[in-house]
Amino acid sequence: MARVRYGARTEAEIAAARAARSQLPDIWSTGVVALWESDPDAVAAVLPPPLKPAERPLVRASISTVELPGYPLGAGSVAVAAVHDGHEGWYPLVMPMTHERALIGGREVFGEPKKLGEVTVERDGLVVRAALARHGIAFVEVRGAVDGPLPLPGPTAKLDFYFKYLPAVDGEGFDSDPVLVHCTRHEKVRGLERISGDVVLRESVYDPVADLPVRRLVELTIGEKTSDQRGRAVARVSAEALLPYIHQRYDDPQQIHDGPPEGSVR
């Protein structure tokens, strides 16, 4: 009988996949990072407990492209500064990805709020434009010109906070208590330049980052970096406390809260 491809993989095939994953080379991306101070009340409002606001109401937009063999990848995020149990980090609200492969692993393994979208990083001489877009709306756009190199930082570790959960089958809350994940990224930079420019936030009902206005632009850079990440589940969190924030991950939260209608086929 011919191989049934939906059938179980052999132990050797599973071991080979694990080995290949552990031997991945450094993958370098070219990206724009915008950092700004926003409205403290707005930043506090988007943080589910037990996350708390950081000392400064910072928002960070990262917009990157990666020339992976066979296909280019665009990856972005918009995150706010947060603190959990004395650990300072970032809570991403949306992470647009241009390919399903990058989306699935992050959502299912780490609980990252990834969604399919458009990610653009363009450079023509000194002129730079970068944008995150979904549903035809470039809800974050960076425009400017490179005005000089910056000193290269040493290897750094950056912490992100995610909530990993599954909406309940009956549409009532979650199947089990959500998990708070600490994800540490070890980052190396091999090129970094300052940009003089601005950040434009456009209205979008699907990605309402315009609610986090640019009060003061702190930093605008373009650079090349590589990173890896390791996550760990640190705590179970209150399902009741997280439920009011579940809409952050879905374009149509009504679909999640309602659950499937009786007799429906999916």
Side-chain angles (χ1 to χ4, degrees), residues 31-64 75-96 111-115 117-120 128-144 156 158-163 178 180-183 185 194-222 237-238 240-253:
V32 170
V33 177
L35 186 69
W36 68 87
E37 285 187 353
S38 189
D39 180 88
D41 293 334
V43 171
V46 304
L47 293 172
L51 299 184
K52 297 180 179 179
E55 183 175 347
R56 296 174 68 190
L58 295 175
V59 182
R60 182 189 67 194
S62 301
I63 310 170
S64 300
S77 73
V78 179
V80 299
V83 177
H84 173 248
D85 196 24
H87 298 280
E88 296 184 358
W90 296 89
Y91 175 61
L93 294 167
V94 61
M95 301 177 72
E112 295 173 331
K114 290 184 173 181
K115 299 178 180 179
E118 299 172 21
V119 180
T120 304
V128 175
R129 177 186 177 272
L132 301 175
R134 297 180 66 249
H135 301 287
I137 301 170
F139 59 92
V140 177
E141 183 177 4
V142 175
R143 304 176 300 197
T156 58
K158 297 181 179 180
L159 180 64
D160 281 350
F161 305 116
Y162 305 122
F163 292 95
L180 175 60
V181 174
H182 283 196
C183 183
R185 284 184 171 82
R194 182 187 302 107
I195 297 174
S196 291
D198 56 9
V199 177
V200 178
L201 305 179
R202 293 189 177 89
E203 174 58 31
S204 169
V205 297
Y206 302 104
D207 305 290
V209 298
D211 291 347
L212 301 167
V214 181
R215 293 283 187 252
R216 185 176 77 86
L217 189 58
V218 177
E219 187 177 65
L220 206 54
T221 61
I222 184 169
V237 301
S238 165
E240 183 179 358
L242 183 60
L243 190 60
Y245 298 87
I246 193 174
H247 65 281
Q248 293 177 344
R249 192 164 302 180
Y250 303 98
D251 287 349
D252 183 9

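Position 1 is the first residue of the sequence, and the numbers go up from there.
Between the CD atom in Gln248 and the CZ atom in Phe163 there is a gap of 8.5 Å [rounded to 0.5 Å]. How far CD of Glu141 is from OG1 of Thr120: 9.0 Å, rounded to the nearest 0.5 Å. Here the CG-CD distance, from Leu217 to Glu37, works out to 10.0 Å after rounding to the nearest 0.5 Å. Within the model, atoms NZ of Lys115 and CG of Leu132 stand 12.5 Å from one another, a figure rounded to the nearest 0.5 Å. The OG atom of Ser238 sits 12.5 Å away from the CG atom of Leu180 when rounded to the nearest 0.5 Å. With rounding to the nearest 0.5 Å, the separation of CD in Glu118 from CZ in Phe139 is 10.5 Å.
Judged by distance alone, with hydrogens and angles left aside, the side-chain atoms of Ser38 form no donor-acceptor pair with the main-chain N or O of Leu58 at under 3.5 Å. Side-chain atoms of Glu88 never come within 3.5 Å of backbone atoms of Glu55 as a donor-acceptor pair (strictly under, hydrogens ignored). Arg215 places no side-chain N or O within 3.5 Å of a backbone atom of Pro40 that could act as its donor or acceptor partner. A donor-acceptor pair is defined here as one N or O able to donate and one able to accept, closer than 3.5 Å; such a pair exists between the side chain of Arg202 and the backbone of Ala138. Within the 3.5 Å criterion, the main-chain N or O of Leu212 finds a donor-acceptor partner in the side chain of Trp36.
Looking only at side-chain heavy atoms (C-beta outward), His84 and Leu159 stay at 4.5 Å or farther from each other. Side-chain atoms of Pro113 and Val94, non-hydrogen and from C-beta on, never get closer than 4.5 Å to each other.
Listed here is the closest heavy atom pair of Val140 and Ala61: CG1-CB, 4.2 Å. Pro48 and Leu242 get closest at one heavy-atom pair: CB-CD1, 3.6 Å. Of all the heavy atoms in Leu201 and Val199, the pair that sits closest is CD2-CG1, 3.9 Å. The two residues Val119 and Gly76 come nearest to each other via the heavy atoms CG2-N, 4.2 Å. Counting all heavy atoms, side chain and backbone alike, Ala34 lies closest to Leu220 at CB-CD1, 3.4 Å. Nearest approach of Ala131 to Ile63, heavy atoms of both residues: O-CG2, 3.7 Å.
Every residue two or more places apart in sequence or in another chain was checked for a ring pair (Phe, Tyr, Trp, His ring centres under 6.0 Å) with Tyr162, and none qualifies.
Each of Val46, Val209, Leu51 was checked for a side-chain contact (heavy atoms from CB on, under 4.5 Å) with Val80, and the lone residue meeting it is Val46.
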